[in-house]
Every structure is written in C-alpha cells, then in structure tokens.
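Read through the structure below, which is laid out as structure tokens, and then see the notes.
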Amino acid sequence: GLKKKEVHVLCLGLDNSGKTTIINKLKPSNAQTQDIVPTIGFSIEKFKTSSLSFTVFDMSGQGRYRNLWEHYYKEGQAIIFVIDSSDKLRMVVAKEELDTLLNHPDIKHRRLPILFFANKMDLRDAISSVKVSQLLSLENIKDKPWHICASDALKGEGLQDGVDWLQDQIT
Ligand code: GTP
Ligand code: MG
C-alpha cells in the first residue's frame, strides 16, 4: 500500500500528567503495555493514524529531565502537551514550562500545531478544559494552531478527537 507520511511529535508536560499513558493508548491494542512507569529521560514511540505515521518523543516530565526537552525541539513537527486537570497546585508550573517552550528560539517563530490534553478528566477534582485553557492563557497563542481536548487516558476517552485534529493540521 501507500507509505504513510512520517511525522515527528514531541510529547511534553509535567511528570505524572499522563503522557506515556496517552501514547500507549494510541497504539493498537496488541502493542500496548500494561504497566506504565515514570519515563526516564525519554522514549521513542510510534503509532499510526489513517494517513500518518507518528514518531513520538515521549519526554520525561520530571524536573531533573525537563532540560532535555529543548534538544528535540528542532526535530518536532507538532507538539502534544499534556496537563493533569486535577493537579491545581502545579497548574502554575505547567504554565511556566509552556511559556518557556513557546519562547524558545527553536519553537517561537514556527507554526507548529500544539494539541493540549486536559487529562484525568475522570477524577472528581479535575477542572474543565475551558478552565485549564484559561489558567494556561492559551488564548494568547496567536501564531500557532492549537486545540485542547479533555481526556481520560485510562479509558482512552477524548484521545481520538485530539489526534484527528492533529492529523488535519498536518495533512
Ligand atoms: P512522566 O513519564 O514521569 O513524565 O509521567 P507521564 O506524564 O508519562 O505520566 P504517566 O503516563 O506515567 O501516568 C502517571 C499516572 O497517572 C499513572 O499512574 C497513570 O495510570 C495515571 N493516569 C494517566 N492518565 C490518567 C487519566 O486520564 N485518569 C486517571 N485517573 N489517571 C491517569
Ligand atoms: Mg512518561
């Protein structure tokens, strides 16, 4: 058959936000792993959609590894940024990391699509995706297409919506 277009995606966000769980859920069920552990450094993962073949740099969100992120910015053609919607205490840290990302010279002037997952929407103290986008001031992102989806990565809810949007941006 036709070879799918290859796209490099960076998966970023704080530790424990659910990045690895999301990427795992996007793989075919026979390729999914059962036990997900905190990522050390980063891990390269692959999944496919109807028209694209994604290579994902699933970065660790732990503070001590966040300085690795920028080394992959040049490689990235799109960004998936994951937020734990129930982690109100660290929403400000997530915003700081996002602002640093958006101001980085390898990101700033590029029209990279950014998909946000307001993840863990199943938890009782999760805030809405609208509230997440307000707290992160997403309306200030004017030079890049962006989209936010509420998600529950354990059940896989909201993920397809997001990935469909990303695919539309790239193809
Ligand atoms: P680092 O690799 O350390 O940066 O973390 P990560 O962002 O990759 O998070 P990971 O996927 O390892 O998930 C962290 C924890 O959150 C795990 O215990 C997951 O099972 C849990 N988790 C992920 N997504 C959800 C979700 O949508 N809802 C709930 N309730 N738990 C989730
Ligand atoms: Mg991880």
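Fair warning: this is a prediction, and the values are worked out from it, not measured in the lab. In this chain, residues are counted from 1 in sequence order. Note that ligands are numbered from 1 as they come in the structure, with each ligand's atoms numbered from 1 the same way.
- A parallel orientation is assigned to the rings of F47 and F54, their planes being inclined by less than 30° (bins at 30° and 60°).
- Considering every non-hydrogen atom in both S85 and N119, the closest pair reads OG-O, 2.7 Å.
- Remark: the N24 side chain and the T33 side chain contain an N/O donor-acceptor pair separated by less than 3.5 Å.
- Here the two rings, on H147 and F116, have centers that are 6.0 Å apart or farther.
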Which pairs of N or O atoms, one from ligand 1 and one from the protein, are separated by less than 3.5 Å, and what is the distance for each pair?
{"from": "ligand 1", "atom 1": "2 (O)", "to": "T39", "atom 2": "N", "distance (Å)": "2.8"}
{"from": "ligand 1", "atom 1": "2 (O)", "to": "T39", "atom 2": "OG1", "distance (Å)": "2.9"}
{"from": "ligand 1", "atom 1": "4 (O)", "to": "K19", "atom 2": "NZ", "distance (Å)": "2.7"}
{"from": "ligand 1", "atom 1": "4 (O)", "to": "G61", "atom 2": "N", "distance (Å)": "2.7"}
{"from": "ligand 1", "atom 1": "5 (O)", "to": "N16", "atom 2": "N", "distance (Å)": "3.0"}
{"from": "ligand 1", "atom 1": "7 (O)", "to": "S17", "atom 2": "N", "distance (Å)": "3.3"}
{"from": "ligand 1", "atom 1": "7 (O)", "to": "S17", "atom 2": "OG", "distance (Å)": "3.3"}
{"from": "ligand 1", "atom 1": "7 (O)", "to": "G18", "atom 2": "N", "distance (Å)": "2.9"}
{"from": "ligand 1", "atom 1": "7 (O)", "to": "K19", "atom 2": "N", "distance (Å)": "2.9"}
{"from": "ligand 1", "atom 1": "7 (O)", "to": "K19", "atom 2": "NZ", "distance (Å)": "2.7"}
{"from": "ligand 1", "atom 1": "8 (O)", "to": "T20", "atom 2": "N", "distance (Å)": "3.0"}
{"from": "ligand 1", "atom 1": "8 (O)", "to": "T20", "atom 2": "OG1", "distance (Å)": "2.9"}
{"from": "ligand 1", "atom 1": "9 (O)", "to": "G18", "atom 2": "N", "distance (Å)": "3.1"}
{"from": "ligand 1", "atom 1": "11 (O)", "to": "T20", "atom 2": "N", "distance (Å)": "3.3"}
{"from": "ligand 1", "atom 1": "11 (O)", "to": "T21", "atom 2": "N", "distance (Å)": "2.8"}
{"from": "ligand 1", "atom 1": "11 (O)", "to": "T21", "atom 2": "OG1", "distance (Å)": "2.5"}
{"from": "ligand 1", "atom 1": "13 (O)", "to": "T21", "atom 2": "OG1", "distance (Å)": "3.4"}
{"from": "ligand 1", "atom 1": "16 (O)", "to": "K120", "atom 2": "NZ", "distance (Å)": "3.1"}
{"from": "ligand 1", "atom 1": "24 (N)", "to": "N119", "atom 2": "ND2", "distance (Å)": "3.1"}
{"from": "ligand 1", "atom 1": "27 (O)", "to": "N119", "atom 2": "OD1", "distance (Å)": "3.2"}
{"from": "ligand 1", "atom 1": "27 (O)", "to": "K120", "atom 2": "N", "distance (Å)": "3.3"}
{"from": "ligand 1", "atom 1": "27 (O)", "to": "A153", "atom 2": "N", "distance (Å)": "2.8"}
{"from": "ligand 1", "atom 1": "28 (N)", "to": "D122", "atom 2": "OD1", "distance (Å)": "2.7"}
{"from": "ligand 1", "atom 1": "28 (N)", "to": "D122", "atom 2": "OD2", "distance (Å)": "3.4"}
{"from": "ligand 1", "atom 1": "30 (N)", "to": "D122", "atom 2": "OD2", "distance (Å)": "2.8"}

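- Using a 4.0 Å cut-off between a side-chain N of Lys or Arg and a carboxylate O of Asp or Glu, E139 and K142 do not qualify as a salt bridge.
- Aromatic rings of Y65 and F42 (six-membered ring for Trp) have centroids beyond the 6.0 Å cut-off, not under it.
- Atoms of the protein (N, O or S only) found under 2.8 Å from the Mg ion (ligand 2) are T20 OG1, T39 OG1.
- Under the 4.5 Å side-chain heavy-atom criterion for ILVMFWY residues, a single connected hydrophobic cluster contains both L26 and I170.
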- Task: Output, in order, the C-alpha distance, side-chain angles, deciding distance and verdict of side chain to side chain donor-acceptor pair (under 3.5 Å) for S51 and Q167.
- Result: CA-CA 8 Å; S51 63; Q167 175 169 275; 3.1 Å; yes
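- Electrostatic pairing of K120 and D125 does not count as a salt bridge here, judged by no charged N lying under 4.0 Å from a carboxylate O.
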